[in-house]
A.B. asks: 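Below are the structure tokens for one structure; questions will follow.
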Amino acid sequence: MSKATPNHFIRSIVSNDLANGKHDYVYTRFPPEPNGYLHLGHAKSICLNFGLAADLEGRCNLRFDDTNPEKESAEYMDSIRHSVAWLGFDWDELCYASDYFDELYKFAIELIHKGLAYVDDLDAEQMREYRGTLTEPGKDSPNRNRPIEQNLDLFERMRAGEFEEGELVLRARIDMASPNITMRDPILYRIRYAHHYRAGDEWCIYPMYDFTHCISDALEGITHSLCTLEFQDNRALYDWILENITISKNHIGEKNKPMPRQIEFGRSNLEYTLASKRKLIQLVSDGHVNGWDDPRLTTLVGLKRRGYTPASIRNFCAEIGVTKKDSVIEISVLENAIRQDLEANAKRVFGVLDPLKVTITNYPENEFETFTVKNHPKDQTMGTREIPFGREIYIEREDFMRDPVEDFYRLAPGREVRIRYGYAITCHDVIEDANGNVSELLCTYDPQTAKGKTPDGRKIRGIIHWVSAAHAVDAEVRLYDRLFNHPNPGALDDFTSALNPDSLQVCKTAKLEPSLQEADPEDRFQLERVGYFCFDSVDHSTETMVLNRTVSLRDSWAKPGIKK
RNA sequence: UGGGGUGUGGCCAAGUGGUUAAGGCACCGGAUUUUGAUUCCGGCAUUCGAAGGUUCGAAUCCUUCCACCCCAGCCA
């Protein structure tokens with residue numbers, strides 16, 4: 001399972017930097033903005049940053065990029081912290097960009113002193129006009145050559161709260177004609193009279209991402225600053241800022257070592273899912289799903305509630321790789337990752353989703369026996385358990401066919417199957433209800449066939465799962481399917497039009513073997529022949545059992561085209 | 001028609017001038033099986049976006065072309 005550490009272009013760069021002495025160690029960071037819940041896309045970045053540091057005996061920080069008070073909250077921050085820890089990573093330092101507000105402010109003043117930043121009073125619309133377009137250069141702002149003293153004064157007064165929101169901004173003085181629009185005198189600070197979830201009301205000016213991120217990296221001694229592809233153009237600004245401020249080498253931990261280097265990698269998208277925070281928020285607030293931890297969502301909290309293990313997600317991330325191209329991953333890759341984990345580690349139990357009663361007419365009434373069965377077919381260390389058996393049992397309705405199709409080798413009138421770990425039974429009569437639906441089967445059992453034996457050597461192909469009717473416990477089982485019917489719902493004008501109406505199927509009729517009542521609520525298990533399940537972390541209790549299906553078992557019989 | 005990127009099988013992805021182009025997922029066969037699961041074995045790109053060129057030899061070098069993605073928030 002644990003694969004050789006994946007070698008990708010970023011790892012090569014870092015290894016080289018270490019080998020040739022450019023850096024003495026690797027120091028990375030995972031820098032989320034606390035404005036939403038983490039999803040699978042973040043998991044890729046987390047595994048990359050923390051994984052690289054761990055493999056190369058370096059360090060990795062968790063840093064909240066919290067420079068936009070209007071969108072951020074402590075709730076999001078807490079959830080992100082928990083998700084990173086749940087995924088299995090420890091950060092070396094827990095950092096907040098907001099802790100650097102004082103330093104950031106000083107660096108801004110330094111830029112002003114050097115004539116490399118100025119206060120501008122263009123409003124947002126003018127700013128856009130002056131910026132030019134993709135094909136035309138921008139124009140200098142009338143304020144571009146404002147005297148340094150005046151800039152200093154204005155900037156201090158911005159901080160002091162003497163201006164309205166939007167009235168003034170601080171801009172870097174770079175090049176309005178740059179073909180790279182990011183370099184056309186980007187805004188460094190804006191005025192916002194907003195309460196910051198950590199800094200409170202201490203500031204009314206907030207630094208922008210480009211100004212904050214590179215300085216935060218440098219202050220923390222980050223050596224390699226990994227981010228996604230859309231920041232490639234911003235790299236020029238990242239480097240420009242660090243080149244133009246005086247940031248002590250002592251600050252960055254390694255004396256006389258180079259500044260952090262930004263390296264971009266491609267995002268990975270999962271088919272049939274959404275990753276955009278804005279759209280995720282809409283799904284939650286419009287009630288299309290039941291919260292951020294809805295098991296149909298690929299948020300980390302959703303996957304956790306669905307029954308995914310941290311290891312399966314880490315393996316998934318290792319499997320999809322790291323390259324410079326955006327990718328679209330098929331869900332089968334994710335499903336494969338969790339199946340691999342659960343196949344090896346989940347104990348097996350019996351449960352019937354859609355019960356059909358079977359009476360074994362030649363088995364005495366009010367008499368029971370117990371079978372000792374394996375908790376795992378291959379892993380003996382997982383031990384055994386006892387399951388009760390009696391005259392009346394439930395089998396899966398799906399495992400009986402009145403008029404069996406070709407290739408169906410389960411139960412049918414006159415046919416014999418084995419009830420797993422028990423006897424061979426043969427169906428003799430079918431009882432119907434008033435509507436003509438099958439309501440019960442009358443079968444006989446062959447006492448010679450206990451424990452998998454067939455004394456006459458006859459071959460019994462069909463093996464089905466079952467539970468004792470007298471001992472079964474009721475449960476609600478939630479079956480999940482993809483949330484969207486479209487492979488790329490985010491590309492649609494209205495992604496809600498692609499919502500899958502059958503993404504959640506609640507099955508209230510399930511009958512489970514009694515041992516499940518004593519199971520640990522954290523347990524993940526396989527309902528044999530059905531799928532992998534876990535108890536729902538919110539709605540499950542020993543009184544009312546609620547199970548989530550994490551993923552079905554592979555079913556090479558239920559191929560499209562073959563009708564059950 | 002500015003700048004920055006990317007193009008290897010259905011989806012990912014190794015490969016950085018020299019055997020028949022790794023591997024995973026998916027798919028298709030077949031074996032084993034008290035889960036139609038698992039496991040196992042076999043199949044699955046004469047071809048690397050296209051066209052030219054360099055070379056004894058190219059997915060890897062050069063040229064041109066094509067396609068797709070990102071950038072004109074006082075978001076990150």
Side-chain angles (χ1 to χ4, degrees), chain A residues 3-4 6-8 31-33 35 65-68 70-71 120 122-124 127-129 131-138 165-171 178-184 186-192 206 208-210 212-213 227-236 264 266-268 271 277-278 318-337 339-340 343-344 348 350 373-374 376-378 407-410 418-422 424 449 451-454 460-465 526-531 552-559:
Chain A
K3 8 200 100 82
N7 196 27
H8 45 72
E33 183 187 13
N35 68 344
D65 217 338
D66 52 357
T67 58
N68 185 0
E70 290 168 323
K71 290 188 177 167
D120 202 353
L122 255 33
D123 65 31
M127 191 81 73
R128 195 180 326 119
E129 284 162 14
R131 191 152 32 223
T133 68
L134 295 179
T135 52
E136 301 157 28
E165 276 190 15
E167 204 177 333
L168 296 178
V169 293
L170 181 73
R171 303 177 72 177
S178 171
N180 179 351
I181 295 180
T182 306
M183 298 299 270
R184 317 239 262 231
I187 293 174
L188 266 20
Y189 269 90
R190 77 289 212 184
I191 299 171
R192 271 306 97 98
Y206 290 93
M208 300 287 287
Y209 164 83
D210 285 303
T212 309
H213 204 90
C227 64
T228 42
L229 251 31
E230 69 271 25
F231 291 103
Q232 287 176 119
D233 290 343
N234 301 241
R235 191 174 64 235
E264 311 85 13
R267 287 178 187 268
S268 289
E271 274 190 345
K277 277 181 194 164
R278 205 201 90 235
E319 206 56 67
I320 63 177
V322 178
T323 66
K324 284 199 80 158
K325 117 182 150 188
D326 288 323
S327 55
V328 181
I329 314 292
E330 293 177 346
I331 347 178
S332 63
V333 181
L334 216 213
E335 291 183 338
N336 178 254
R339 283 199 184 108
Q340 248 179 51
E343 154 61 26
R348 270 99 240 244
F350 283 173
V373 306
K374 289 187 260 189
H376 188 106
K378 290 178 179 167
D407 294 336
F408 184 82
Y409 52 73
R410 278 111 92 158
R418 175 177 295 285
I419 58 167
R420 184 152 158 88
Y421 290 126
T449 56
K451 297 183 178 171
K453 294 194 180 77
T454 45
I460 301 172
R461 180 95 147 104
I463 295 150
I464 63 175
H465 59 280
Q526 182 194 108
L527 254 31
E528 291 210 34
R529 302 210 314 128
V530 180
S552 66
L553 249 36
R554 273 197 190 88
D555 187 354
S556 59
W557 188 65
K559 289 277 164 46

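Here is how names work: the chains are called A, B, and so on, in the same order as the sequence lines, proteins then strands, and each is numbered from 1.
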A.B. asks: Check the phosphate of B:rU39 against A:Arg554, side-chain N and O only, distance under 4.0 Å to OP1 or OP2. Yes or no?
C.D. replies: no
A.B. asks: To the nearest Å, how far apart are A:Asn68 CG and B:rC74 C1'?
C.D. replies: 10 Å
A.B. asks: Closest heavy-atom contact between A:Asn35 and A:Lys277?
C.D. replies: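 Closest approach of A:Asn35 to A:Lys277, heavy atoms only: OD1-NZ, 2.6 Å.
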A.B. asks: What N/O pairs connect the protein and nucleotides 65-67 of chain B at under 3.5 Å? Give each pair on its own line.
C.D. replies:
none

A.B. asks: A:Arg410 side chain: which of B:rA76, B:rU6, B:rG36 is closest?
C.D. replies: B:rG36
A.B. asks: Stepwise, does the side-chain contact (heavy atoms from CB on, under 4.5 Å) test hold for A:Gln232 with A:Lys324?
C.D. replies: CA-CA 11 Å; A:Gln232 287 176 119; A:Lys324 284 199 80 158; 3.5 Å; yes
A.B. asks: Considering only the C1' atoms, how many Å lie between B:rU64 and B:rG23, rounded to the nearest integer?
C.D. replies: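 Each nucleotide's C1' atom is 35 Å from the other's.
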A.B. asks: Using only heavy-atom distances, determine whether the side chains of A:Ser268 and A:Ser327 contain a donor-acceptor pair under 3.5 Å.
C.D. replies: yes
A.B. asks: Does A:Arg461 qualify as a cation-pi partner of A:Tyr409, given the criterion of NZ or CZ under 6.0 Å from the six-membered ring centre and within 45 degrees of its axis?
C.D. replies: yes
A.B. asks: For RNA chain B, what are the stems built from at least three Watson-Crick or G-U pairs in a row, each pair having both distances below 3.5 Å?
C.D. replies: B:2-7 with B:66-71, B:10-12 with B:23-25, B:27-31 with B:39-43, B:49-53 with B:61-65
A.B. asks: Please check the phosphate of B:rA37 (OP1 and OP2 only) for any side-chain N or O of A:Arg339 closer than 4.0 Å.
C.D. replies: no
A.B. asks: For B:rC68 versus B:rA50, give the span between their C1' atoms, rounded off to a whole number of Å.
C.D. replies: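 Looking at atom C1' only, B:rC68 and B:rA50 are 15 Å apart.
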A.B. asks: In whole angstrom, give me the gap between the C1' atoms of B:rU1 and B:rU60.
C.D. replies: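 Looking at atom C1' only, B:rU1 and B:rU60 are 32 Å apart.
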A.B. asks: Find the distance A:His465:NE2 to B:rG36:P and express it as a whole number of Å.
C.D. replies: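 It is 10 Å, rounded to the nearest whole Å.
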A.B. asks: When you measure from the side-chain N and O atoms of A:Lys277 to the phosphate of B:rA76, is any distance below 4.0 Å, counting only OP1 and OP2?
C.D. replies: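 The answer is no; no side-chain N or O of A:Lys277 sits under 4.0 Å from OP1 or OP2.
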A.B. asks: Test for a donor-acceptor pair under 3.5 Å between the base of B:rG10 and the side chain of A:Glu330, counting only N and O atoms.
C.D. replies: yes
A.B. asks: Hey, which sits more toward the 5' end of RNA chain B by its nearest nucleotide, A:Val322 or A:Arg235?
C.D. replies: A:Arg235
A.B. asks: The side chain of A:Asp233 is closest to which nucleotide in this list: B:rA14, B:rG5, B:rC71?
C.D. replies: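 From the listed options, B:rC71 comes nearest.
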A.B. asks: Distance between the C1' atoms of B:rC61 and B:rA45, in whole angstroms?
C.D. replies: 23 Å
A.B. asks: Using the side-chain heavy atoms of A:Lys378, tell me which of these nucleotides is nearest: B:rU35, B:rU39, B:rA76.
C.D. replies: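 Taking heavy atoms from C-beta onward, the closest nucleotide is B:rU39.
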A.B. asks: Can you check whether A:Thr323 has a side-chain N or O nearer than 4.0 Å to OP1 or OP2 of B:rA13?
C.D. replies: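 Looking at the OP1 and OP2 atoms of B:rA13, one of them is under 4.0 Å from a side-chain N or O of A:Thr323.
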A.B. asks: Should the pair A:Glu343-A:Arg348 be classified as a salt bridge under the 4.0 Å nitrogen-to-oxygen rule?
C.D. replies: yes
A.B. asks: Indicate whether OP1 or OP2 belonging to B:rC71 is found under 4.0 Å from a side-chain N or O atom of A:Arg131.
C.D. replies: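 A:Arg131 to B:rC71 OP1/OP2: no side-chain N or O under 4.0 Å.
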A.B. asks: Taking A:Lys71 first and then A:Glu33, would you say they form a salt bridge - that is, a charged N and a carboxylate O separated by under 4.0 Å?
C.D. replies: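 Here A:Lys71 does not pair with A:Glu33 in a salt bridge, since their nearest N and O are not under 4.0 Å apart.
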A.B. asks: Between A:Ser556 and B:rA37, is there a side-chain N or O to OP1/OP2 distance below 4.0 Å?
C.D. replies: yes
A.B. asks: P atom, B:rG7 versus B:rG49: distance in rounded Å?
C.D. replies: 8 Å
A.B. asks: By nearest heavy atom, map A:Asp66 and A:Arg128 onto RNA chain B; which one lands nearer the 5' end?
C.D. replies: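 The residue whose closest nucleotide sits nearer the 5' end is A:Arg128.
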A.B. asks: Choosing from B:rU35, B:rA76, B:rC71, which nucleotide comes nearest the side chain of A:Glu33?
C.D. replies: B:rA76
A.B. asks: OP1, OP2 of B:rC11 versus side-chain N and O of A:Ser327: anything below 4.0 Å?
C.D. replies: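 It does not, given that no N or O in the side chain of A:Ser327 lies less than 4.0 Å from OP1 or OP2 of B:rC11.
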A.B. asks: Regarding A:Thr182 and A:Asn180, do their side chains bring together a donor and an acceptor under 3.5 Å, going by distance alone?
C.D. replies: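 Per modelled atom types, A:Thr182 and A:Asn180 side chains form a pair under 3.5 Å.
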A.B. asks: Using O4'-C1'-N9-C4 for purines and O4'-C1'-N1-C2 for pyrimidines, with syn meaning within 90° of 0, is B:rG24 syn or anti?
C.D. replies: anti
A.B. asks: Take atom CD1 of A:Ile331 and atom C1' of B:rC11, then tell me their distance rounded to the nearest Å.
C.D. replies: 11 Å
A.B. asks: Expressed as a whole number of angstroms, how long is the span from A:Arg529:CZ to B:rU35:P?
C.D. replies: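 About 10 Å, once rounded to whole Å.
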A.B. asks: Ignoring backbone atoms, establish whether A:Arg184 has a side-chain N or O less than 4.0 Å from OP1 or OP2 of B:rC71.
C.D. replies: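 Answer no for this pair, as no side-chain N or O of A:Arg184 is under 4.0 Å from OP1 or OP2.
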A.B. asks: Please check the phosphate of B:rC75 (OP1 and OP2 only) for any side-chain N or O of A:Arg192 closer than 4.0 Å.
C.D. replies: yes
A.B. asks: Output yes when A:Arg267 and A:Asp326 qualify as a salt bridge under the 4.0 Å nitrogen-oxygen rule, no when they do not.
C.D. replies: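 So A:Arg267 does not pair with A:Asp326 through a salt bridge.
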A.B. asks: If you look at every strand shown and take non-hydrogen atoms under 4.0 Å, does A:Thr212 touch a base, only sugar-phosphate, or nothing?
C.D. replies: nothing
A.B. asks: Using whole Å, what does the distance between atom P of nucleotide B:rC74 and atom CD of A:Glu129 come to?
C.D. replies: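 Going from A:Glu129 (CD) to B:rC74 (P), I get 13 Å.
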A.B. asks: Quick check on B:rU35: is either OP1 or OP2 less than 4.0 Å from any side-chain nitrogen or oxygen of A:Lys374?
C.D. replies: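 A:Lys374 to B:rU35 OP1/OP2: no side-chain N or O under 4.0 Å.
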A.B. asks: Among the nucleotides B:rU38, B:rG36, B:rC25, which one has an atom lying closest to any side-chain atom of A:Trp557?
C.D. replies: B:rG36
A.B. asks: Looking at every strand, decide which applies to A:Thr133 at a 4.0 Å heavy-atom threshold: base, sugar-phosphate, or nothing.
C.D. replies: base
